[in-house]
Engineer: 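Sharing a structure here in structure tokens format.
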Amino acid sequence: MSEPLLNVAHLRIEFNTRRGTLVAVDDISFDVMPGEVFGVVGESGAGKSLTGQAIIGLLEPPGRIAAGEIRLDGRRIDNLPYGQMRRLRGRQIGMIFQDPLTSLNPLYTVGRQLVETIQTHTSMNHEEARRRAVALLEDVGIPAADKRIDHYPHQFSGGMRQRVVIALALCANPRLVIADEPTTALDVSIQAQIILLLKQLCEQYDTAVILITHDMGVIAEISDRVAVMYAGRIVEIGGVREVVKNARHPYARGLMGAIPSLHRRVEKLNQIDGSMPRLTEIPSGCAFHPRCPQAFERCRRERPDLVRVGESQVACWLYGRTS
Amino acid sequence: MPAFIIRRLAQSVFVMLVVAMVAFLMFNYVGDPVHQMVGIETSMQEREALREALGLNDPPLVQFARFVGHAVQGKFGLSYQYKRPVAELFEERLPATLELSLVAALFSLVIGIPMGVYTGLHRSGFLSRIFMTFSLIGISLPTFLIGILLIFVFAVILGWLPSYGRGEVVAIGGWTTGLLTISGLKALIMPAITLGMFQLTLIMRLIRSEMLEVLRTDYIKFARARGLTDRAINFGHALKNTLVPVITITGLQIGSIIAFAIITETVFQWPGMGLLFLQAIHNVDIPIMSAYLILVAFFFVVINLIVDILYYVVDPRLRVDMGKAGGHG
């Protein structure tokens, strides 16, 4: 296999607060291959979005990268000076936010925002940039793009706005797009369209995607590989088939069990009891043990690391070889 | 848009009529105009004849209509003190007040906006803290005190600037301006700073808090994620989104600057409307008082109209006929 496009190694994100240092993301590592869709799934507060923000260099203080490295094409990017990182954003790494209703500046036409972004990253003149903007809007499936380009964001519906947001994220042809809950704020009927559009465009532009979501169904739909996060750590990572069909970590299994299915006849949906711990009170050992139906003594004392199990890697003592 | 302007104009006319009513009532019921005009030895018959000649025996509605008719033509009667038409007095004084007010407003915007943007962007910087402390002084010190302090330092101790008056003025048509002579400009500096200081700090603090608000929004984060330059984000995207409240406040404040130039004009003996008005109050010069009331109301109404139109220019979401017309920005 080729070299990874993105390599995250031992990333640790901390928040310095008055009550001490909180560890929001704890020692996570993963690779994203060129053109691949990499899913990151987990409950709210698992550290998924922070990981995305750290990669694009937009962690908001007091959050900071405390340890680890992020490499794009082998080049370290987590310690780049501000100006260089800025040129990378949009050009190499794009980002799509959750809420299309608030992601666009209400005072400018979508065309202006597209042209501005295109001209920031290329040497196109205004005419060329505008032609490219119209082409992009057509690509993301906006009808009558040559007219709509002069409309303001509030004249678009939510789904259409998310298409515009995708066009904006892709307009400088980045190699990686971080999509942070891209469909959460949309109607269910539109979610599938947007996800398919994203998948199709990224294939067309040969762009890799990090898809951050809490929706296992979305991940199963388009991801190639998936990482399951819990309380700031990756608990299971592997090919999407393997993880969806054969989840090994009890938490991942719980998540998969929570996907409603038309094929299986179930009386009621499975749910994982309890909720994720707050950052101030992450349990000792395996952070999942208080909610884990299979927890035993060792889970309470020692923290499991990722180990290879079948084709995936799992951080759980149920699979520890050295137990 | 035209429909909107017409609606607004109609509302403005209504406001002006209400204000005219108040001015009219003041005219007729604060003291007796006839009494003000004649001497002690005038006989009752003569007074009655004067009353009839002035139309004071007509029904109130007719009198009011006549008052409005005259006001529209700029006729506010004779000043009791000066025995000259109020309109004439205003014509002499208005340029001084408007010049002072506009320069003060300009001063507060040109200094206040950059300071607000700066303190919004560098929240905890050293310079920001100095600005914020300074703004606290500007907000809490009363205008007359700032004026007197300025006079004390720059006129009395240093002797750089004149402590009172308008300096030499140049007449252009019916307008006298102090902006074209050195002494006129020098005389303008301290009054303009005094008058604009409060607005400056207000605008600075407003822009700062709006900037802090806007910088947290998703579209600013998204703009950063697209790699736009700081300049484009801070000034193109963020500052423009702070403008709607700033326009509102600035509009209202320009009205207040004109109306409340009174204190500054008194401190600096500035020969403007405010000084004229204060003297009018001293001497119960009703024509001047009611005309001043109407004039200030007129300024407020016009400024509000401009503010409303500016909203439409700045914020596309407020444009009513967007649905079919599409983008005309």
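Just so it is clear, the model here is predicted, and its values are computed rather than measured. Every chain is numbered from 1 and lettered A, B, ... according to where its sequence line falls, protein lines coming before strand lines.
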Engineer: Under 4.5 Å from any heavy atom of chain B, what part of A/Q113 do you find: side chain, backbone, both or neither?
Structural biologist: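 For A/Q113, backbone and side chain are both near chain B.
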Engineer: Just wondering, are more than 12 heavy atoms of other shown residues or ligands nearer than 6.0 Å to CZ in B/F126?
Structural biologist: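 Atom CZ in B/F126 is not crowded, with 12 or fewer foreign heavy atoms closer than 6.0 Å.
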Engineer: Say you draw a straight line from CG of B/D315 to CG of A/L107; how long is it, rounded to the nearest 0.5 Å?
Structural biologist: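 Between atom CG of B/D315 and atom CG of A/L107 there are 5.0 Å.
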Engineer: To the nearest 0.5 Å, how far apart are NE2 in B/H237 and OH in A/Y108?
Structural biologist: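 These two atoms lie 6.0 Å from each other.
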Engineer: Check whether B/T217 gets within reach of chain A through its side chain, its backbone, both or neither, counting any heavy atom under 4.5 Å.
Structural biologist: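 No part of B/T217 comes within 4.5 Å of chain A.
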Engineer: Knowing that exactly one of A/P153, A/P106, A/S103 qualifies, which makes a side-chain contact (heavy atoms from CB on, under 4.5 Å) with B/Y219?
Structural biologist: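 By the side-chain contact (heavy atoms from CB on, under 4.5 Å) criterion, B/Y219 pairs with just one of A/P153, A/P106, A/S103: A/P106.
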Engineer: Is atom CZ of B/R123 surrounded by more than 12 heavy atoms (other residues, nucleotides or ligands) closer than 6.0 Å?
Structural biologist: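 Counting neighbours around CZ of B/R123, 12 or fewer heavy atoms of other residues, nucleotides or ligands fall under 6.0 Å, so no.
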Engineer: Using non-hydrogen atoms only, which part of A/E116 is less than 4.5 Å away from chain B: side chain, backbone, both, or neither?
Structural biologist: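 Both backbone and side chain.
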Engineer: At a heavy-atom separation under 4.5 Å, does A/I56 approach chain B through its side chain, its backbone, both, or neither?
Structural biologist: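 Just its side chain gets close to chain B.
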Engineer: What residue, out of A/I178, A/L58, A/L168, has the most heavy-atom pairs lying under 4.5 Å from chain B?
Structural biologist: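 Among the listed options, the one with the most contacts to chain B is A/L168.
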Engineer: CG/B/D218 to CG/A/D99 distance, rounded to the nearest 0.5 angstrom?
Structural biologist: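 Interatomic distance, B/D218 CG to A/D99 CG, rounded to 0.5 Å: 6.0 Å.
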Engineer: Flag yes if more than 12 heavy atoms outside A/Y205 fall under 6.0 Å of its OH atom; otherwise flag no.
Structural biologist: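 For A/Y205, atom OH is crowded (more than 12 foreign heavy atoms under 6.0 Å).
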Engineer: Heavy-atom distance under 4.5 Å to chain B: side chain of A/I149, backbone, both or neither?
Structural biologist: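 Interface part for A/I149: neither.
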Engineer: Under 6.0 Å from the CD atom of A/E128, do we count more than 12 heavy atoms belonging to anything else shown?
Structural biologist: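 More than 12 heavy atoms, drawn from other residues, nucleotides or ligands, come within 6.0 Å of this atom.
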Engineer: I'd like to know which of A/Q119, A/R91, A/E60, A/M85 tops the heavy-atom pair count under 4.5 Å against chain B.
Structural biologist: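 Top option by heavy-atom pairs under 4.5 Å: A/E60.
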Engineer: With a strict 4.5 Å heavy-atom criterion, list every residue of residues 221-228 of chain B that contacts chain A, or say none.
Structural biologist: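 Residues B/K221, B/F222, B/R224, B/A225, B/R226, B/G227, B/L228 are the ones that qualify, each having a heavy atom under 4.5 Å from chain A.
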Engineer: Around atom OH of B/Y118, are there more than 12 heavy atoms from other residues, nucleotides or ligands closer than 6.0 Å?
Structural biologist: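 Yes, enclosed.
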Engineer: Looking at A/T102, A/L104, A/T120, A/L101, which makes the most heavy-atom pairs under 4.5 Å with chain B?
Structural biologist: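 The residue among A/T102, A/L104, A/T120, A/L101 with the greatest pair count is A/T102.
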